[in-house]
Amino acid sequence: MKQLDGLRETMRRDRVFNFVQKRQTMALPGTRPVHDGEVDVSHGPILYLEGVNVAFDGFKAINDLNLYIDDGELRCIIGPNGAGKTTMMDIITGKTRPDSGSVYFGQTMDLTQMSEHEIASAGIGRKFQKPTVFPHHTVFQNLELALQADKRVWPSLFFKLTGEQRDRIDEVLKIIHLDAERDLAAAQLSHGQKQWLEIGMLVVQNPRVLLVDEPIAGMTHQETERTAELLTSLAGKHSVVVVEHDMEFIRSIARKVTVLHEGHVLAEGSMDEVQRDPRVISVYLGE
Amino acid sequence: MENRSFIMTLLANDKAAKWFLITLVALAIVVPFCNLMVPADSPFHVSTYTVTLLGKYLSYAILAIALDLVWGYCGILSLGHAAFFALGGYAMGMYLMRQIGDRGVYGNPDLPDFMVFLSWTELPWYWQGFDMFWFAMLMVVLVPGMLAYVFGWLAFRSRVTGVYLSIITQALTFALMLAFFRNEMGFGGNNGLTDFKDILGFDLQSDNTRAGLFIATIFFLGLAYVVSKFVVNSKMGRVVVAIRDAEARTRFVGYKVESFKLWIFVFSAMLAGIAGALYTPQVGIINPGEFSPLNSIELVVWVAVGGRGTLLGAVVGAVVVNFAKTFFTGFAPEIWLFFLGALFIFVTIFLPQGIVGLAQQLLEKRNKTKTATPKAEASV
Amino acid sequence: MSIERLCRLFFIPFMIFVLAGAAKASDMALAEVLEGLKDDSFNKKKEVISQLETIDDPRVMKVFQQMLDGDLHFQEQEPQLLVFTAKTDDGLAVTAVVSGETLGVVNKRDLNKVKVNNSLRKDLRAAIAKLSLNNKDSKVRRDAVRNMLRDIDSESVVLLRDRQSIETEGLVLDVLAVGVAIYELGSDDASLRLAAVDILGDSLESAARNALLPLVEKNENGQYKLEDRELRSAAIKALARIDAKLKYNEWAETIYFGLSLGSVLLLAAIGLAITFGVMGVINMAHGELIMIGAYTTYVVQLLMPNSIEYSLFVAIPAAFVVAGLVGVAIERGVIQFLYGRPLETLLATFGISLILQQLVRTIFSPLNRSVETPEWMSGTFEVNSALALTYNRGYIIIFSLLVFIALLMVLKKTSLGLHVRAVSQNRQMARAMGVRTGWVDAMTFGLGSGIAGIAGVALSQLTNVGPNMGQAYIIDSFMVVVFGGVGNLWGTLVAAMSLGVINKVLEPWAGAVLAKILVLIFIILFIQKRPKGLFPQRGRAAE
């Protein structure tokens, strides 16, 4: 055990040179703590994106992106269409592999080396732009599937819900106001309710980081307010990254805003600071 | 213990499952009785031909369940499931060939006739062990299972999905068919394996053995149904359906999608192998034609007609379509292909949920009106 | 019965032609000379043969040939016409030598054979050789020399040398030189022998190689039988030269076969590349559309039995229209209800393929039909003596490339192409811009199907036309499209050609079936590695 700890110590990305560290991950691929759920945030940030580049057929979707998300922070990311917001989320969740650059979860987990389900199990949850829930399962079953548990094949085959887990689902059902619809097939929910269910599925996973892509699209004013409430309440325990177009909504929840433009961070700061930034104004309003 | 309690809860909670299992038990008793005990001139007599025919349908039903698991539940449209069926059939056929011993035309105690004919001098290594029943039965599930594992591991890992997967599964069974047609493969080439004499010492031509095979088929159909039901009702089953409906979401929730696909695929292939092993002794022959892509696609139609995503639908579809096939080919073979083709189109366009899905919808409607009327009466 | 009718149809114009010329004086002269063959005396016949040699008439050659084979007869009864015969199941089919008139099938007993002895046979062979050596057609001359190569003696070499002095055609001269060289290998003059070996070393005739082989033969002790070291080493070198060239030719031939198989695959797959690649529709009835094209060719030839030569030019547009219309019917009748449900489309179109197959079986019978190949497509192009390329394969390579280019043009330059690309990239947006997506779908599908029909015309020239012929191509076609990358016509071209060549390269050492299996396995593995094919579309839009 001590040796393993020592090894981890040497692999801390902040204490070794990048090239040394890389060679070690290659030599010892099994030493990544994946199922531990142990995310090393001793240096503040929980997510590091450094020098990331992605190109699709010559089009640079992400261009030398540097982004740090602090543990427990609520971060809003805005930017015009094609700024690379969704691609950024794809990179963090392992759907798209960067052409170059490094993406770390905490100090130790190299996300570019992990597959989607490993990243999800390690504690990064994602809500899609278009709400995707499991339409033929009931609301309850949707949450049960998302619930933090051993998600390998055999344990799933003999899985039985414990009382504790049931209570946890009930709790989340109340948070997302779908208690009454618990036995309804998810396909029958309204658009807004599906968004809520998807957020609920994130919450029940108990992730360290929630990536939320356009959470209030298709919601009524009232639902929007509730969502804002929910997201702010989640921050602190979890780190929450919200991508949204609705400026009013951003203003209502944002503490720190990052503006992406052409795959690059254009500005970062509070909403007011960002809105005063002449570069941001020119990007949004045009020359 | 786990299984028994599962069966109990299944019988208690699922009416359709209960009636299905009861029907199976009834068939297992009544059909052999009417065949063996009732005299031939009685109207209640069931001929051996009919028993074998029913046995064939029911082994097809197991195959249909196997396909339904991957297609109906997991959304993987395999156009190569006949390959697993045929491999199971060949494994059984190899055992039956070895049982012939020196009763073949050439009287060679070790080599099947076709090998003597090809003037081979010794048994190829892959024929070793097939004289033992237990070994052959192991191969019945292992060979299709291994093939499915290797194929699935490659395919699912690199995320080959949808029609791509369908087409390469079709290519797989096509390649196997070509291979088995070759004499040098050592599986009897064009003619396949046939002229079986007995199984476990029982004469395959006798009515008693036939009835026994029929009962065995029913037993395995029931078993396949119950085990599949268990899988489908478990959380694993729900994950599999989740993969069908929203694969990316399932992945981001933290499931290793390729493992789930792989295991359901392997399980399904093993079931198909068992179905093939039950089919071979009843029909009396297994040949490379069983690998033909057309067979795999016909199988898809059984499941589509019965209703995919319901295990019962697969069984109903297999029996109904095959009954129709026997019926049509009896008096006008050329009509059968017209009918089958039209069935494909009709089911996909007008009956996407199949017979069982339709029945469920009708039942729900009736239940609604039923629950509606008493209320109306009460208010009066 | 129908064969008889066909024969009659075929022969009537021929007979008219022959009868019209019957009164010609040359016929009278020929008939007169031929009378001598009825004589029992072999000497008389010998005389007739030398007389006949001087007559420039194509019938003479046949007379010699038939005499040599013992097929020449004359009638028992008056007018005792001299006749050609051919064996049939019912007896001998008889044709008058001079008039060319068919006289039906008769019993052997009603005919007298024109008897020959060994001396006559020798004369006949020499006469045949001489006649064909002096034939107007250089190909006939060349074949005649080739026939003589097998057995060259002092007499035949005289014929060859005679011809050598007047021959102008280079290819014939080459073979003549080989013939003379083979003879001179046996010469007493060492320098002549060496020169002969050198000539043979430049030739790819199998006779040349066979003539050299005894020079390098070894006895049981592994020593060379031939003692002349100089000649031996020259022979070894010459053989090595021949073998190197043969190998080279073999590769050229393999690649030619591969390309021709590839162009068949291209024709079969290119229609699919449109319906599958551009529209995302899995059309399992694609093979049957090919079959419909092939049957259209068959019907066209039935309708115009006298102009088989031109039938293909009628059949190509006809097949395009027929298959295209069937395609449009399929799209409007079934597929349009299933957009966005690829697996269902696959099933429904499979149903259609079953119906089409059965329909053809009911209408035309389940048996294979043979489609005739026009004369200009048959025959071979001889690059050299070892490498002969058949014309029909060459035409198909060219034809498939033409179809490919035409299709590319349609997609790039026409408004239909523009609409097709618009719809394939963004259906909703295209509809919003006022594109009639339904119409575009139907037309695209019709185009893809029409091309399948054209593929059927080409295939009818290579294989038998039967109800199951489509089945053989459907999996291959899908493999080509998938291998090349969906939605990429150039990928389809490269994939078809490379799969064709790979198949033919594997065939010699693996056998046809195993080669096919290996290619299938290769593609299965390839798709694992690169699920999107050789030339994938990348980016978010491709998801």
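Throughout, protein chains are lettered first and strands after them, A, B, ... in sequence-line order, and every chain is numbered starting at 1.
Neither the backbone nor the side chain of A:Gln148 comes within contact range of chain B; no heavy atom of the residue lies under 4.5 Å from a heavy atom of that chain. For a residue to count as touching a neighbouring chain, one of its non-hydrogen atoms must lie under 4.5 Å from one of that chain's; by this rule A:Glu116 touches chain B with backbone and side chain alike. Of the two parts of A:Val204, neither the backbone nor the side chain holds a non-hydrogen atom closer than 4.5 Å to a non-hydrogen atom of chain B.
Minimum interatomic distance between B:Ala246 and A:Val133 (heavy atoms only, all atoms of both residues): CB-O, 4.1 Å. Shown here for A:Ser121 and B:Gly254, the closest heavy-atom pair between the two residues is OG-O, 3.5 Å.
Summarising the geometry, atom OG belonging to A:Ser115 is positioned 6.5 Å from atom CD belonging to B:Glu258; distances are rounded to the nearest 0.5 Å. Rounded to the nearest 0.5 Å, atoms CH2 (A:Trp154) and OG (B:Ser234) are 10.0 Å apart.
For B:Met146, the CE atom counts as loosely surrounded, since its 6.0 Å shell holds 12 or fewer non-hydrogen atoms of other residues, nucleotides or ligands.
Between the A:His137 side chain and the B:Arg238 main chain, a donor and an acceptor come within less than 3.5 Å of each other. Between the side chain of A:Lys151 and the main chain of B:Val253, a donor-acceptor pair closer than 3.5 Å is present. Remark: the backbone N or O of A:Ala146 is not paired with any side-chain donor or acceptor of B:Tyr255 at under 3.5 angstrom.
When side chains are defined from C-beta on, B:Arg249 counts as touching A:Glu198, because their heavy atoms get closer than 4.5 Å. Side chains of B:Lys235 and A:Leu157 form no contact here, defined as non-hydrogen atoms less than 4.5 Å apart. In this structure the side chain of A:Ile119 never reaches within 4.5 angstrom of the side chain of B:Phe252, judged on heavy atoms. Contact check for A:Lys95 versus B:Arg251: no side-chain heavy atoms found under the 4.5 Å cut-off.
The only option from B:Thr250, B:Ile243, B:Val239 that meets the side chain to side chain contact (heavy atoms under 4.5 Å, CB included) definition with A:Phe134 turns out to be B:Thr250.
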Worksheet entry | Working for side-chain contact (heavy atoms from CB on, under 4.5 Å), residues A:His136 and B:Arg244 | CA-CA 10 Å; A:His136 290 98; B:Arg244 179 192 72 189; 3.6 Å; yes
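Annotation: maximal heavy-atom pairing with chain B below 4.5 Å, among A:Thr93, A:Leu161, A:Ile124, occurs at A:Thr93. Heavy-atom pairs under 4.5 Å with chain B were tallied for A:Thr132, A:Leu145, A:Leu202; the largest tally goes to A:Leu145.
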